[in-house]
Q: 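Got a structure here, written out as structure tokens. Questions coming.
When a residue number appears, it is its place in the shown sequence, counting from 1.
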Amino acid sequence: MSGGLLVAGTTSDAGKSVVTAGICRWLVRQGVKVAPFKAQNMSLNSFVTREGAEIGRAQAMQAQACRVEPTALMNPVLLKPGGERSSQVVLLGRPVGEMSARGYHGGRRQRLLGTVLDCLAELRGTYDAVICEGAGSPAEINLRRTDIVNMGIARSARLPVLVVGDIDRGGVFASFFGTVALLSPEDQELVAGFLVNKFRGDVSLLEPGLDMLHGLTGRRTYGVLPFRHGLGIDEEDGLRVSLRGTVRESNTAPPVGEDVLRVAVCAVPLMSNFTDVDALAAEPGVVVRFVDRPEELADADLVVVPGTRGTVRALEWLRERGLADALVRRAAEQRPVLGVCGGYQILGERIEDEVESRLGRVEGLGLLPVRVRFAQEKTLTRPVGEALGESVEGYEIHHGVATVDGGEAFLRDDRGNPLDGCRVGQVWGTHWHGSLESDGFRRAFLREVAAAAGRRFVPAPDTSFGALREEQLDRLGDLIEEHADTDALWRLIESGAPRGLPFVPPGAPA
């Protein structure tokens, strides 16, 4: 087998990332050597590969679904928003500068097509199949001329396209039809058909609509995936939970001890890698919420200040909303606070920023004896260390360089030498993302939090975050295997879009 597929969507958050991961896991269970690919990704949730390259977390999870190590080839272009109008451009895992949306779409984007196609060709030369993910919708006709992630790459690489629609939102038939009808004849030739996502109820009631859609477009539906709770992998387009909701589908298992543990996450602007708290939400008896008001910290046993692409902006936001004062009061009362990456920098004494905000010297919250200077070069590493008597793995993505002038080191090497972070009383800070995914360390940390909060909470002794991730990916593979026409999908991946697909008017200029 040697082939590929582009999974597009009628909208952002239609389920492209989940479907791509599911197809990858289904294929690898059939013995296919498969890799994921997303030409261009806009995300504040990123990951560091073994070779020190930064890519979107969704592609890292899809690589896990494929049971392969993620590489920069799988996400050659990553855009990290720094505001409403500009983003940091990360090319092949390394930042190459800030660019406005107009500047990027006006010229730079199209020039990257060659790089993107080279990466895809290298993957296709190494793997039996490459499952590509689009971005947004392929029918964004204002961006078609410079498109390198949807129909632009599909046409250049002759990839068949499967369009995913979220029926739970409503309007899925109009979205499917409209997506095809807004494409040029050359692009329409590659759109093989549709996949319905998040369906609730009796599929037989949907079949007349699917038959009509086939009659209108000449394209079949390759499957109807039922709605399932807790299947979202690491999102990329933004925070997909209410600020006053739980983290996705928090574990519903009862607590092992007598009490639950309440975690409040400050929903700072440009929040990055909010997936750090997923490992907390996976623990039975841990309740995680995102909050944006100081009164919502009152009953929290632990407050997390997460990473952010705009450290100084997030600090200002915390002060404007009264959350900064609430954090200072918590620290004085010896109530637990954890800062991660940008959140760690905010908890320090001073920030020197001529890179991100370019505001120069800014006073931090002063809860940790740490001074931060923003460097032009970004730190991208996969460190390993120890904390609280347990081994810890993580990854670093930051411009800030911390100088620690007191307190205790948070993370140390195997000889006890300081590696990263700082602790003073019940205030903790680290640059390491993903550290809470280390099971032993997470349990030790939660025991410390529970003791400080006076809660009779006991971490479950057998929660394995890695195993939960694998179970989740297997469930995605099961969805594809059980509810998609896998024989037809196999032919599509192997042989490309069916020949003679009809044109759906009005179309768009070629």
Q: With E283 as reference, evaluate L436, L446, V288, V263 under the side-chain contact (heavy atoms from CB on, under 4.5 Å) test and give the passing residue.
A: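 Exactly one candidate clears the test, L446.
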Q: Just verifying a value: how many Å separate D118 CG and L113 CG, rounded to the nearest 0.5 Å?
A: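 CG of L113 is found 9.5 Å from CG of D118.
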Q: May I ask you to decide whether R25 forms a salt bridge with E470, counting only side-chain N to carboxylate O separations under 4.0 Å?
A: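 Yes.
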Q: Show, in sequence, the C-alpha distance, side-chain angles and deciding distance for I493 and I131, and conclude whether the side chain to side chain contact (heavy atoms under 4.5 Å, CB included) test is met.
A: CA-CA 8 Å; I493 294 167; I131 307 302; 4.0 Å; yes
Q: For R313 and T308, indicate whether the former's side chain and the latter's backbone hold a donor-acceptor pair under 3.5 Å.
A: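 The answer is no, because no donor-acceptor pair under 3.5 Å joins these two groups.
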Q: Report the C-alpha separation of V116 and V77 in whole Å, then their side-chain angles, then the decisive distance to 0.1 Å, and conclude whether the side chain to side chain contact (heavy atoms under 4.5 Å, CB included) test is met.
A: CA-CA 8 Å; V116 162; V77 181; 4.1 Å; yes
Q: Hey, which of S17, C66, C132, P70 is the one that makes side-chain contact (heavy atoms from CB on, under 4.5 Å) with P36?
A: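 Single side-chain contact (heavy atoms from CB on, under 4.5 Å) partner of P36 among S17, C66, C132, P70: C66.
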Q: Taking ring pair (Phe, Tyr, Trp, His ring centres under 6.0 Å) as the cut-off, I'd like each qualifying pair that reaches into residues 147-197, sequence neighbours left out, listed once.
A: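 Residue pairs with at least one partner in residues 147-197: F176-F194.
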Q: Looking only at heavy atoms, what is the nearest atom pair of C341 and G307, with distance?
A: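 What the structure gives for the nearest pair is CB-CA, 4.3 Å.
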Q: Looking only at atom types and distance, does a side-chain atom of S86 sit under 3.5 Å from a main-chain N or O of G82, one as donor and one as acceptor?
A: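 Pair absent, no side-chain N/O of S86 close to backbone of G82.
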Q: Using a 4.5 Å cut-off on heavy atoms from C-beta on, say whether the side chain of V18 contacts that of L225.
A: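 They are not in side-chain contact.
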Q: So that I can tick it off, tell me whether R309 and E98 are bridged by a salt bridge, with the cut-off set at under 4.0 angstrom between side-chain N and carboxylate O.
A: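 A salt bridge links E98 with R309.
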Q: To the nearest 0.5 Å, what is the distance between SG on C119 and CG on L92?
A: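 Rounded to the nearest 0.5 Å, the SG-CG separation comes to 5.0 Å.
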Q: I'd like to check T126 versus K33 (side-chain heavy atoms, cut-off strictly below 4.5 Å). Are they in contact?
A: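 SC-SC contact between T126 and K33 confirmed.
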Q: Please confirm whether the backbone N or O of S137 pairs with a side-chain atom of K16, one donor and one acceptor, at under 3.5 Å?
A: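 Such a contact is absent between K16 side chain and S137 backbone.
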Q: Hey, is the main chain of V504 close enough, under 3.5 Å, to the side chain of Q188 for a donor-acceptor pair?
A: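 Indeed, once roles are kept as given, a pair shorter than 3.5 Å links the two residues.
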Q: For R475, does its backbone N or O pair with a side-chain atom of R228 as donor and acceptor, under 3.5 Å?
A: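 It does not hold such a pair.
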Q: Using every non-hydrogen atom in the two residues, find where N75 and G56 come nearest and quote the distance to one decimal.
A: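 For N75 versus G56, the nearest heavy atoms are OD1-N, 2.9 Å.
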Q: Using every non-hydrogen atom in the two residues, find where Q40 and V149 come nearest and quote the distance to one decimal.
A: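 Heavy-atom minimum between the residues: O-CG2, 3.5 Å.
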Q: Got a sec, which pairs hit ring pair (Phe, Tyr, Trp, His ring centres under 6.0 Å) with one end in residues 207-226, sequence neighbours left out?
A: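 Counting only pairs at least two positions apart or across chains, no ring pair (Phe, Tyr, Trp, His ring centres under 6.0 Å) contact touches residues 207-226.
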Q: Any salt bridge linking D478 with R29? Criterion: basic side-chain nitrogen under 4.0 Å from a carboxylate oxygen.
A: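 Looking at D478 and R29, the cut-off is met.
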Q: Set out, in order, the CA-CA distance, both residues' side-chain angles and the distance that settles side chain to side chain contact (heavy atoms under 4.5 Å, CB included) for W490 and L27, then state yes or no.
A: CA-CA 9 Å; W490 192 282; L27 284 172; 4.1 Å; yes
Q: For L44 and S272, which heavy atoms make the closest approach, and how far apart are they?
A: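 Looking at all heavy atoms of both residues, the shortest contact is O-CB, 3.1 Å.
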Q: Taking atom types as modelled, find out whether E69 and T49 have a side-chain donor-acceptor pair closer than 3.5 angstrom.
A: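 No donor-acceptor contact under 3.5 Å links the two side chains.
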Q: Examine distances only and state if a side-chain atom of E356 and a backbone atom of T311 form a donor-acceptor pair shorter than 3.5 Å.
A: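 Flag set: sc E356 to bb T311 pair under 3.5 Å.
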Q: What are the two closest heavy atoms between S391 and F441, and how far apart are they?
A: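 In this case the closest contact between S391 and F441 is O-CB, 4.0 Å.
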Q: In terms of side-chain heavy atoms, does S204 have a donor or acceptor partner in D202 at a distance below 3.5 Å?
A: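 Per modelled atom types, S204 and D202 side chains form a pair under 3.5 Å.
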Q: Just so I know, are the side chains of T221 and D485 near enough to count as touching, which here means a heavy-atom distance under 4.5 Å?
A: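 No, every pair of side-chain atoms sits at 4.5 Å or beyond.
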Q: Identify, with sequence neighbours excluded, every residue that meets ring pair (Phe, Tyr, Trp, His ring centres under 6.0 Å) alongside F465.
A: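 Residues passing ring pair (Phe, Tyr, Trp, His ring centres under 6.0 Å) with F465: none at all.
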Q: Can you check whether V163 reaches R219 side chain to side chain, under 4.5 Å on heavy atoms?
A: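 With C-beta onward as the side chain, the pair stays apart.
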Q: Do V260 and R262 come within less than 4.5 Å of each other through their side chains, counting heavy atoms only?
A: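 Counting from C-beta outward, V260 and R262 do come under 4.5 Å.
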Q: State whether the side chain of D168 and the backbone N or O of N197 hold a donor-acceptor pair below 3.5 Å, judged by distance alone.
A: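 Judged by distance alone, no pair lies under 3.5 Å.
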Q: Regarding Q62 and K38, do their side chains bring together a donor and an acceptor under 3.5 Å, going by distance alone?
A: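 Not at all, the side chains of Q62 and K38 share no donor-acceptor pair under 3.5 Å.
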Q: Could you go through E481 and T486, starting from their C-alpha distance and side-chain angles, then the distance that decides it, and tell me whether this counts as side chain to side chain donor-acceptor pair (under 3.5 Å)?
A: CA-CA 6 Å; E481 190 166 340; T486 52; over 6 Å; no
Q: Can you check whether H431 and Y344 have ring centres sitting under 6.0 Å from each other?
A: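 Centroid separation for H431 and Y344: below 6.0 Å.
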Q: Is it the case that the side chains of R169 and T11 hold a donor-acceptor pair, with the cut-off being a distance below 3.5 Å and no angle test?
A: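 Result is yes, a qualifying pair exists.
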Q: Decide yes or no for L216 and V180: does some side-chain heavy atom of the first lie under 4.5 Å from some side-chain heavy atom of the second?
A: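 L216 does not reach V180 side chain to side chain.
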Q: For the pair S184 (side chain) and D187 (backbone), establish whether a donor and an acceptor sit closer than 3.5 Å, ignoring hydrogens and angles.
A: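 Side chain of S184 to backbone of D187: a pair is present.
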Q: Does some side-chain heavy atom of K378 sit less than 4.5 Å from a side-chain heavy atom of R94?
A: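 Not touching, per the 4.5 Å side-chain cut-off.
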Q: Contact between T275 and M61 at the side-chain level, heavy atoms closer than 4.5 Å - yes or no?
A: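 Side chain of T275 against side chain of M61, heavy atoms only: no contact under 4.5 Å found.
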Q: Nearest 0.5 Å, please: how far is CG in D147 from CD1 in I153?
A: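 I153 atom CD1 to D147 atom CG measures 9.0 Å (nearest 0.5 Å).
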Q: Measuring from atom CG of N273 to atom OH of Y395, what distance do you get when rounded to the nearest 0.5 angstrom?
A: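 Spacing of CG (N273) from OH (Y395) equals 4.0 Å.
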Q: Please check if the side chain of D276 supplies one atom and the backbone of G434 the other of a donor-acceptor pair under 3.5 Å.
A: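 At least one qualifying donor-acceptor pair exists.
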Q: For the CE atom of M151 and the CG atom of L190, what is their distance to the nearest 0.5 Å?
A: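 CG of L190 is found 5.0 Å from CE of M151.
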Q: For V224 and H483, what are the C-alpha separation, side-chain angles and deciding distance, and is it a side chain to side chain contact (heavy atoms under 4.5 Å, CB included)?
A: CA-CA 6 Å; V224 177; H483 300 283; over 6 Å; no
Q: Looking at R442 and D439, does any basic side-chain N land under 4.0 Å from a carboxylate oxygen?
A: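 Judged by the 4.0 Å cut-off on N to carboxylate O distance, R442 and D439 do form a salt bridge.
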Q: State, to 0.1 Å, how close F37 and L123 come at their nearest heavy-atom pair, and which atoms those are.
A: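 Looking at all heavy atoms of both residues, the shortest contact is CD1-CD1, 3.6 Å.
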Q: Rounded to the nearest 0.5 Å, what separates atom OG1 in T146 from atom CG in L112?
A: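 Separation between the atoms: 10.5 Å.
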Q: Just checking, is any N or O donor in the side chain of E396 or T381 under 3.5 Å from an acceptor N or O on the other one?
A: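 Judged by distance alone, the side chains do pair up.
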